[in-house]
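Here is the structure we will look at, set down as structure tokens.
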There are 2 protein chains.
Amino acid sequence: MADLGEASLAGRPVAQAAGAGSPVRIGDVARAAEVSTATVSRALRGLPHVASATRQRVLAVAAELDYRPNLPAARLAAGTTNTIAVAVPDPAAWFNATMVGALGREMTAAGYDLLLSGVANLDERQRFIELNGVRSGRSDAVVLIDVALDETAAEAFVAQGGRAVSVGFRTQALSSVTVDNVAVGSDATQILLRHGHRRIGLLSLDSGDSLNFSIPAHRAQGYEQAHAEARLTPDPALRVSTSNSWAEARRAAHVLLDTSERPSAIFAMCDEQAFGVMLAARDLDLCIGEDLSVVGVDDHDQSRLVGLTTVRQHVARQGAVAAELLLHMLGPSVEPPQHVQLDTELIIRDSVGPPGVD
Amino acid sequence: MADLGEASLAGRPVAQAAGAGSPVRIGDVARAAEVSTATVSRALRGLPHVASATRQRVLAVAAELDYRPNLPAARLAAGTTNTIAVAVPDPAAWFNATMVGALGREMTAAGYDLLLSGVANLDERQRFIELNGVRSGRSDAVVLIDVALDETAAEAFVAQGGRAVSVGFRTQALSSVTVDNVAVGSDATQILLRHGHRRIGLLSLDSGDSLNFSIPAHRAQGYEQAHAEARLTPDPALRVSTSNSWAEARRAAHVLLDTSERPSAIFAMCDEQAFGVMLAARDLDLCIGEDLSVVGVDDHDQSRLVGLTTVRQHVARQGAVAAELLLHMLGPSVEPPQHVQLDTELIIRDSVGPPGVD
DNA sequence: GGTGGTGCCGCAAACGGTTACAGACACGCG
DNA sequence: CGCGTGTCTGTAACCGTTTGCGGCACCACC
């Protein structure tokens, strides 16, 4: 037995008819291939110091026996998990879902698993950080999507040996990929101003339980800045904020629109909110692009369908860059954190026009 | 030292200023609490056979030392991972994303982690199944969302001790949550027939790389059936199929619409496709609900905004049920697989009207 | 005072791999 | 022939928990 020739010629794995009877371990493979477990381990993982003939034999035997290494054991011994943990406020939101999709594609290709956690408030964030430190060995690294850490928390995390890249916010201690949200807010507002709008509503984002202040803050800053450049002062009464659900945004839009002094345009901080605004407008029989102009942010899949003018951020590319930073960080060389800022792009559609005659 | 009184009164954990210096292990806690590691293990996990005073002491010391159990070690020893692996064809697609969100919420609450894998073709499916068998100890169970297994593959999986629940398709060996897709297709078609449509296009779904035949097949069957009940025979020429992206659906819709004999209505197998149809209609200056009627399936978040008539399936509820089945299956009692079929609901909006005069 | 429980707790053997270190062997060269 | 060099392989010591089993103290009850 353990005759390699026959084994490798036998065709499909013989498996064990014994059902879940006898999980085959590395020792079984070693015995069958007449080598030590050390050699099997090396051969299977493509490490050097294995003669090519031996490697072939081990591979054949392992396939024959249908051997599957036990992951927890390997992780325990090697001290590495090949897993990265991802935190998102809401896995179902469009931006997060496509981001996770892009990230997953890249990381899977590189041999990593993706552990997904919904982190919607500060308690959960705390829990996530604690649970995913190096010490617990749950993951090799962490990516925080719109789940912000303050500077000291981030430093503490890396000081303990944690590795992380952040998406959507920037911290010195962590590698990050972001966009220029001031520019986003400014671009969105400028297009409205240029069309002649003077009363521009601002639908701000209270991101989860204040997990990421910076995005809405920066976009609002852009909004202010664009006004300032036009020597205008926005009316604070035109500012409301909601979560990123269209249902809530719709209600909030009503607050803005159901008054006599209603704005002629609304800048919504994400497309999902903008959709809510459009629904509210429909409730009031206002024609988008004529009676009410709207601009959003993201370039959501459906934005094109409804003709929404928006500031596109290339989500998939952000995901790819995040993956790249991760892989780099998981490589052998230790380097300081890198910060990548990607471009955004104003996409003009039908939802913006000159102010209607009131 | 190891004086509990002081330790527990000391306030915040002293941690190790040594940075990533000395990971504290269960033995350290045991020493400090003057008990054995066995007792620490039991105390920390709330198992019985620990005196309440001892438990208190251990808990205090563990908190003081900021102890974090090493997961791979615990998993190896216990043979359980508290992780469930989820396979979806495309993590970014709306249905999948909201499903994963719902599932994650439930499972996290129950103390499980979610491992997310994009499984878009048969090779990846094969890999997923192999990698997530019990033997590898990667996950305790698997949920397959529109990633179908045939009966023999499913049986082989459970025979090896694998646990799985499937969403979107049904197999004897696996617990499943589904909807009646024949009814879905029939309902969608009937509403069109009732409005007087006689040439109804069918935009079918080639799900990934034929990972789940049954959904499009059943919906098509419902389409046929509704026609049959009305003593009609659908024109095979009115049948095309694409992936679930609106861009492809748009192109496909053009194939249907750019002819002289074009249909007066289109049944799209998911809302994302229906959006593509609506875009194509816009390209041709066809007015939805008048020149062309459209009905979709899912009740996507944006369907309301664009006034799409659709057959709603309660995604979140499906996710919750799947979680329930999972938890049940992970419980102590072994029971035969359960099959849950949930209701769907026709949601009438503006995208359906009588056929336009041609 | 023996006897049978009962409730806590510790010992030490798993769990299934990885890898530092050293040994074995072949080869080439002075 | 002695020796260094390089390649392959095996031995055995970990990695950090969990848990079956047995011991021990204490109590109640004959």
Side-chain angles (χ1 to χ4, degrees), chain A residues 2 4 20 22-59 61-62 65-83 131 133-138 140 161, chain B residues 20 22-59 61-62 65-83 131 133-138 140 161:
Chain A
L4 169 62
S22 59
V24 20
R25 290 154 309 176
I26 198 173
D28 301 328
V29 178
R31 213 171 351 270
E34 296 177 322
V35 293
S36 72
T37 62
T39 300
V40 174
S41 178
R42 285 189 281 252
L44 256 29
R45 292 180 307 145
L47 296 183
H49 304 296
V50 177
S52 143
T54 311
R55 185 186 306 275
Q56 302 288 331
R57 182 154 38 99
V58 169
L59 258 38
V61 170
L65 263 41
D66 194 24
Y67 168 67
R68 300 289 150 68
N70 179 289
L71 259 51
R75 301 207 222 270
L76 171 60
T80 195
T81 66
N82 272 33
T83 297
L131 254 47
V134 246
R135 320 232 307 281
S136 73
R138 180 196 302 262
D140 290 347
Chain B
S22 59
V24 19
R25 290 155 309 176
I26 199 173
D28 301 328
V29 178
R31 213 170 354 269
E34 296 176 322
V35 294
S36 72
T37 62
T39 300
V40 174
S41 177
R42 285 190 278 251
L44 255 30
R45 293 180 306 145
L47 298 182
H49 303 297
V50 177
S52 144
T54 311
R55 185 185 307 275
Q56 302 288 331
R57 183 152 39 99
V58 169
L59 257 39
V61 170
L65 262 42
D66 195 23
Y67 167 67
R68 299 290 150 70
N70 178 289
L71 259 50
R75 300 208 223 268
L76 171 59
T80 196
T81 65
N82 272 31
T83 297
L131 255 46
V134 245
R135 319 234 305 280
S136 73
R138 179 196 300 263
D140 290 346

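Residue numbers begin at 1 in each chain, while the letters A, B, ... track the order of the sequences. Scope of the values below: all heavy atoms of this structure, side chains included, with no hydrogens, waters or symmetry mates.
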Rounded to whole Å, the CG-C1' distance (B:Leu71 to D:dT17) equals 10 Å
Side chain A:Arg57, main chain A:Ala33, donor-acceptor under 3.5 Å = yes
Locate the shortest heavy-atom distance separating A:Pro48 from A:Arg55; write the atom from each residue and the value.
-> CA-NH2, 4.4 Å
Check whether any side-chain N or O of A:Thr83 sits under 3.5 Å from a backbone N or O of A:Thr81 as a donor-acceptor pair, and report yes or no.
-> yes
Do side-chain atoms of A:Asn70 reach the backbone of B:Ser136 as a donor and acceptor pair under 3.5 angstrom?
-> no
Between D:dC8 (P) and A:Arg57 (CZ): distance, integer Å = 14 Å
Distance (rounded to the nearest 0.5 Å) between B:Ile26 CD1 and B:Tyr67 OH = 4.0 Å
Per-nucleotide protein contact string for nucleotides 10-22 of chain C (B base, S sugar-phosphate only, - none; heavy atom under 4.0 Å) = BB---BBBBB---
